[in-house]
Amino acid sequence: MTDERGGPALQPTLSEWLKARQETERHLVSGAPPVDAEWVQRLADLLATERSWQDQYTELIALGSTDGRFPSSNR
């Protein structure tokens, strides 16, 4: 997807990342101890998906920086 200037569109990626975060949060809320292996696998899958979308969003944001890289955190 591209934006009106012809570059990559950030909004769809941001929307999917936020959606993945919400799905992960819902799953965490549903996990009353003790959790089983299936619950843990689902969480691992959700976190991997969330991280993938976060990485894609970060890469798209970096395209607008002077060196093409997302800055390191100060935290």
Which other residues belong to the hydrophobic cluster containing L43, where Ile, Leu, Val, Met, Phe, Trp and Tyr are joined when side-chain heavy atoms lie under 4.5 Å apart, directly or via other members?
->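 Hydrophobic cluster check, L43: joined to L28, V35, W39, V40, L47.
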Pairing residues for S52 by the side-chain hydrogen bond (donor to acceptor under 3.5 Å, both in side chains) criterion, not counting sequence neighbours =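 With sequence neighbours excluded, S52 shows a side-chain hydrogen bond (donor to acceptor under 3.5 Å, both in side chains) to Q56, given in chain and number order.
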With sequence neighbours left out, write down each residue that passes side-chain hydrogen bond (donor to acceptor under 3.5 Å, both in side chains) with T49, or none if nothing qualifies.
->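 So T49 forms no side-chain hydrogen bond (donor to acceptor under 3.5 Å, both in side chains) with any residue.
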Looking at residues at least two apart in the chain, or sitting in another chain, which of them share a salt bridge (Lys or Arg N to Asp or Glu O under 4.0 Å) with E23?
->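 Only R42 meet the salt bridge (Lys or Arg N to Asp or Glu O under 4.0 Å) criterion with E23.
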Mind jotting down which residue pairs meet the salt bridge (Lys or Arg N to Asp or Glu O under 4.0 Å) criterion with at least one end in residues 55-72? Sequence neighbours excluded, please.
->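 Only R51-D55, D67-R69 qualify under salt bridge (Lys or Arg N to Asp or Glu O under 4.0 Å).
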According to the salt bridge (Lys or Arg N to Asp or Glu O under 4.0 Å) rule, which pairs have a member within residues 25-34, sequence neighbours left out?
->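 Sorted result for residues 25-34: empty, none.
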Would you kindly confirm whether F70 and L60 end up in one hydrophobic cluster when ILVMFWY residues are joined by side chain heavy atoms under 4.5 Å apart?
->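 Yes, it is one cluster - the side chains of F70 and L60 are joined through contacts under 4.5 Å.
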Under 3.5 Å donor-acceptor pairs involving side-chain atoms of residues 12-21, not counting sequence neighbours:
unit_1, atom_1, unit_2, atom_2, d
S15, OG, Q11, O, 3.0
S15, OG, Q11, NE2, 2.9

